[in-house]
Amino acid sequence: MKTAYIENISDYSGKEVKIRGWLYNKRTSGKLWFILVRDGTGIIQAVVSKADVDEDSFNMCDILTQESSLTIIGTVNPDRRAPGGYEIQAKKIEIIQIAKDYPITPKEHGTTFLMDHRHLWLRSTRQYAILRIRQEIIKACRNFLDERGFILLDTPIFTPAACEGTTTLFETDYFGSKVYLTQSGQLYNEACAMAFGKVYCFGPTFRAEKSKTRRHLTEFWMIEPEAAFFDLDDNMDLAEDMVIYVVQQVLKNKSKELKTIERDTTNLEKVSKPFPRITYDEAVKILHDKGVDFDWGNDFGGADETIISKHFEKPVIIHRFPSEMKAFYMKRDPENEKLSLGCDLFAPEGYGEIIGGGQREENLEIVEKRIKEFNLPRDAFEWYIDLRKYGTVPHSGFGMGIERVVSWICKLSHVRETIPFPRMLYRVTP
RNA sequence: UCCUCGGUGGCUCAAUUGGCAGAGCGGGUGGCUGUUAACCACUAGGUUGUAGGUUCGAGUCCUACCCGAGGAGCCA
């Protein structure tokens, strides 16, 4: 007899198998039990009939509680009355452990209660579906970049200096000196791109922002490609192609999960080339046309992002931001000093920014001047300046926040469900 | 740091003008051979976030504090 996983149960139709898992729910009609078992790959219904099992196995059904661990031996049968299309006609049940008072019941719960029990909440079907989609998104990003010759070169988590001000950095002790948790792998990515041409990093990043909104985590995962000889247009092409690929892979491989979370995929199916590309000036005009009081030179707030992203059916790319609001390494538009060659990509349906990036300044003298203007400690950036001394070339890149992409693709109301254990302003447990 | 809302059985919520703290789920007991968050009957379960105050009487009104949610500011 084979031990089977529920996701492959159709391969065992008519055969006897052993399933190992946890009790999801149960129902009884006297001499008949319906036992829903999950094993991490899916959920299946086992039918336990008093006539077909030994007395011990039948009585066990009575004492089984939600999330008790068990094994079931029985025959796999197709049955249209069973959720999932197949059920197991049980022959024998063995209990591994009876779970006492599992706190998450099949009825509704509040956010606080669920977040306090996040380690158990992960067992529910909705969380299961969302996190499987997250895995597909990550896999798609990596496949996309790998197939285009980008080399994965992960950048450090401990960093010696702030790249853009220390207020949003988490500080930690490093054998007596101060170091910070990375908020972006970008500067290191630039060094890697000068060595390998096309590179990317993928890892956690940390922002000590006191933001308490549906789109902020203090610890989040970012995938950041960086390529030598790419200009702003190449960069926008790459971002567009990557987002399309990711959405298509999720639609293709995770349709069951999208259905579980009741995601209407109509809008996802519209995600195709070309994405509208507008300048910052044009985006400001959209806001003004909608009656929003917005001053040129400001960054878009959460509400502004929502308005702009709702204006388009597809993701929209916004480029050429005012240079004053962008980082020291951003290249200025040769045609207009007041603009920088940055680009953001906003997800549709009101989700806002999921990608930020642009073309980097490659000129040695300008980078040195900017570091001075931004009051950055020059010695901490000597290695970065070296990149401009030794064979500098135009280059570009961007960062995509994984949790925001998951949030959009799953159409969630908050990013807290997009990562197994979210870290937020007032939440670091469990 | 600020604004708004909230805190009542294990969970989700109700409680009229300040007047007997209640329901569903979950737990327990019993019933049912095709259930789909099954259903039916019975049953146990409460210092209403904390500390004070007003009142004949406070879950309800007042003050302070604690905790949470949503948002603002802030945010490569």
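Within every chain, numbering begins at 1; the chains are lettered A, B, ... in the order of the sequence lines, protein sequences first and strands thereafter. What's counted below: heavy atoms across the whole structure, side chains too, no hydrogens, waters or symmetry copies.
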Is the backbone N or O of A:I72 less than 3.5 Å from a side-chain atom of A:K92, with the two atoms forming a donor-acceptor pair by type?
-> no
Specify the residues of residues 275-292 of chain A, ordered by number, for which at least one heavy atom lies under 4.0 angstrom from an atom of RNA chain B.
-> none
Nucleotide B:G26, atom P - distance to CZ of A:R27 in whole Å | 11 Å
Which of B:A69, B:C11, B:U33 is nearest the side chain of A:R416? It is B:A69
NA contact type, A:F113, heavy-atom cut-off 4.0 Å: base, sugar-phosphate, or nothing?
-> sugar-phosphate
Of the nucleotides B:U12, B:G26, B:U33, which one has an atom closest to the side chain of A:S29?
-> B:U33
Please figure out whether A:G399 or A:R427 has its closest RNA chain B nucleotide nearer the 5' end.
-> A:R427
In whole angstroms, the gap separating C1' of B:G34 from CG of A:D79 amounts to 8 Å
Would A:E190 and A:H395 satisfy side-chain hydrogen bond (donor to acceptor under 3.5 Å, both in side chains), going step by step from the backbone distance to the final call?
-> CA-CA 8 Å; A:E190 291 185 51; A:H395 61 289; 2.7 Å; yes
Between A:K31 (NZ) and B:G31 (P), how many Å, whole number?
-> 9 Å
Base, sugar-phosphate alone, or nothing: which one does A:H117 contact when heavy atoms must sit under 4.0 Å apart?
-> nothing
Please state whether the rings of A:F144 and A:Y245 are parallel, tilted or perpendicular, taking 30° and 60° as the class boundaries.
-> tilted
Can you say whether the rings of A:W383 and A:Y188 are parallel (under 30°), tilted (30 to 60°) or perpendicular (over 60°)?
-> parallel
Are any of the side-chain nitrogens in A:E305 or A:K310 under 4.0 Å away from the carboxylate oxygens of its partner?
-> no
Using whole Å, report how far CD of A:Q45 lies from P of B:A37.
-> 11 Å
When you get a sec, tell me which of B:G26, B:G70, B:U35 is the closest nucleotide to the side chain of A:H414?
-> B:G70
Fit a plane to each ring of A:F113 and A:H117, take the angle between them on a 0 to 90° scale, and name the class: parallel (under 30°), tilted (30 to 60°) or perpendicular (over 60°).
-> tilted
Across every strand shown, the nucleotide meeting Watson-Crick or G-U wobble geometry with B:G70 (both distances under 3.5 Å) is B:C3
So, A:E324 and A:R370, do they make that salt bridge, N to O below 4.0 Å?
-> no
Provide the distance between the two P atoms, one in B:A58 and one in B:G70, to the nearest whole Å.
-> 35 Å
Any N/O donor-acceptor pair, A:Q66 side-chain to B:G27 base, under 3.5 Å = no
Would you mind telling me which of B:U33, B:G34, B:C32 lies closest to the side-chain atoms of A:V47?
-> B:G34
Gap in Å between the two P atoms, one belonging to B:G30 and one to B:U8, rounded | 33 Å
Give none if B:A64 has no partner; otherwise give the nucleotide forming a Watson-Crick or G-U wobble pair with it, both distances under 3.5 Å.
-> B:U50
Please measure how far the P atom in B:G59 lies from the corresponding atom in B:G52, and state the result in whole Å.
-> 15 Å
Report the distance from atom CD1 of A:I43 to atom C1' of B:A37, rounded to the nearest whole Å.
-> 12 Å
Mind checking A:D101 for me? I need base, sugar-phosphate or nothing, with any heavy atom below 4.0 Å counting as a touch.
-> nothing
Axial cation check for A:Y128 ring with A:R126, 6.0 Å and 45° limits = no
Value in whole Å for how far the P atom of B:G34 lies from CD of A:Q89 = 13 Å
If you measure from the Lys or Arg side-chain nitrogens to the Asp or Glu carboxylate oxygens, is any gap between A:E87 and A:R81 under 4.0 Å?
-> no
Atom CZ of A:R214 and atom P of B:G68 are separated, to the nearest Å, by 19 Å
Could you check how far CD of A:E262 sits from P of B:A37, rounded to whole Å?
-> 12 Å
In whole Å, what separates the C1' atom of B:G27 from that of B:C67?
-> 28 Å
Side-chain contact check for A:T112: nearest option of B:A69, B:U35, B:U12 is B:A69
In terms of the nearest nucleotide of RNA chain B, which residue is placed more toward the 5' end: A:E353 or A:P103?
-> A:P103
Identify whether any heavy atom of A:T28 sits under 4.0 Å from a base atom; if not, whether one sits that close to sugar-phosphate; answer base, sugar-phosphate or nothing.
-> base
